[in-house]
Number of protein chains: 2
Amino acid sequence: MRLSKRGEYGLRAMISLAEAQKNSPTGMTQIREIAQKEQIPAKFLEQILLALKNAGLVHSKMGIGGGYYLAKPADEITLGQVFRVLDGPVAPIRCVSQMAYEPCGCPDEATCGLRMVMGDVRNAIVGILDNTSLANLTRRQSEVRKSLGLTN
Amino acid sequence: MRLSKRGEYGLRAMISLAEAQKNSPTGMTQIREIAQKEQIPAKFLEQILLALKNAGLVHSKMGIGGGYYLAKPADEITLGQVFRVLDGPVAPIRCVSQMAYEPCGCPDEATCGLRMVMGDVRNAIVGILDNTSLANLTRRQSEVRKSLGLTN
DNA sequence: ATAAATCCTATAATATTAATATACTTTTCA
DNA sequence: TGAAAAGTATATTAATATTATAGGATTTAT
């Protein structure tokens with residue numbers, strides 16, 4: 001049940017872009033900045049952002065003064081969307097995946113206990129990831145910072 | 001967020017042993033039987049059951065007439081226990097793991113949004129896996145079979 | 001004693017992950 | 001107009017994890 005580095009880096013980068021969006025109109029940020037701030041290998045992050053761009057979650061601008069920015073307001077991008085682009089289906093086992101269903105080997109899916117529980121697990125995860133937007137998350141971060149008396 | 005084959009096979013085998021426990025006092029079953037019934041490579045299953053045995057979840061008897069059986073009643077073994085033996089920590093990221101905590105690279109864990117959500121995900125998964133016993137599962141299977149009018 | 005079963009370790013084959021490398025294209029601004 | 005800044009795109013490598021197979025050692029009932 002693990003989030004890959006690819007997924008982790010991508011989510012951190014998206015959160016970072018969401019924070020940037022609060023401060024400037026588009027929130028355009030360069031790979032290098034994010035890589036440095038989040039301690040991510042720049043070349044690896046490059047691939048990740050490219051994938052997110054091809055999935056339509058971020059836009060980019062080339063050349064001097066360019067960079068990446070969210071394709072939509074932060075409250076319209078969910079963690080589930082980002083996760084799926086980078087780490088694939090959320091379901092712990094294919095036979096309960098909505099996105100990428102495949103039969104498993106069990107004699108009868110309808111009566112398979114393992115499938116029932118894994119379906120519950122899938123629903124629980126999806127319920128969180130698809131109902132948490134980047135905006136929800138940055139707000140939550142701010143609240144905790146505030147409650148801890150931090151200034152930034 | 002994936003269940004490995006190892007984990008899948010192990011869980012299926014444990015469910016199978018739980019069913020067997022309903023029919024005979026110990027429910028002793030041979031690797032070969034389970035492998036055949038569940039379509040699992042026998043030699044792979046052997047390793048898996050050995051791991052479960054070393055973790056104290058099943059007992060075994062060597063020699064003719066031997067086999068495996070649950071170390072405890074099916075309602076005292078949770079899916080979470082089995083999962084952790086075979087697939088390791090449940091947490092999607094180490095920094096929210098109770099079993100195997102490790103710091104991630106973020107500047108401040110207390111205010112890290114990613115960590116907060118992944119903590120929620122972890123709790124949701126743990127809530128299911130640690131509160132579902134093998135007995136819960138076999139009962140649920142039976143109920144569905146009954147409601148479908150199946151005899152076995 | 002022997003056949004049937006688990007025990008135990010090694011290793012092969014494959015797949016995935018993480019990262020790096022290289023070359024190219026587009027844009028901007030001096 | 002051309003050099004530098006930035007993203008685009010793909011290939012390659014290195015490390016690790018997964019899945020599975022092989023083969024002998026040990027135990028036990030008959």
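If you're wondering where the values come from, they're calculated on a predicted model, not measured in any experiment. The sequence lines fix the lettering, A, B, ..., with proteins before strands; numbering per chain opens at 1.
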Whole angstrom is fine here: how far is it from CD1 in Ile48(B) over to P in dT18(D)? 12 Å
From CD1 (Ile15(A)) to SG (Cys112(B)), nearest 0.5 Å: 6.5 Å
Contact state string [nucleotides 5-15 of chain D, B base, S sugar-phosphate only, - no protein heavy atom under 4.0 Å]: BSBBB-B----
Are Ile34(B) and Met28(B) in one and the same hydrophobic cluster, where Ile, Leu, Val, Met, Phe, Trp and Tyr link if side-chain heavy atoms are under 4.5 Å apart? no
Under 3.5 Å donor-acceptor, Asp87(B) side chain and Met1(A) backbone: no
Mind calculating the distance between NZ (Lys5(B)) and P (dA15(C)) to the nearest angstrom? 14 Å
From CD of Gln39(B) across to C1' of dA20(D) the rounded distance in Å is 16 Å
Looking at Lys146(A), I want to see if its NZ is surrounded by more than 12 non-hydrogen atoms of other residues, nucleotides or ligands under 6.0 Å. no
Side-chain N,O (Arg2(B)) to OP1/OP2 (dT19(D)) below 4.0 Å: yes
Can you tell me how far C1' of dT11(C) sits from CZ of Phe44(B), to the nearest Å? 14 Å
Determine, step by step, whether Arg139(A) and Glu143(A) satisfy the salt bridge (Lys or Arg N to Asp or Glu O under 4.0 Å) criterion, reporting the C-alpha distance in whole Å, the side-chain angles of both residues, the deciding distance to 0.1 Å, and the verdict. CA-CA 6 Å; Arg139(A) 194 171 314 119; Glu143(A) 279 161 14; 5.6 Å; no
Mind calculating the distance between CG (Leu3(B)) and P (dA17(D)) to the nearest angstrom? 18 Å
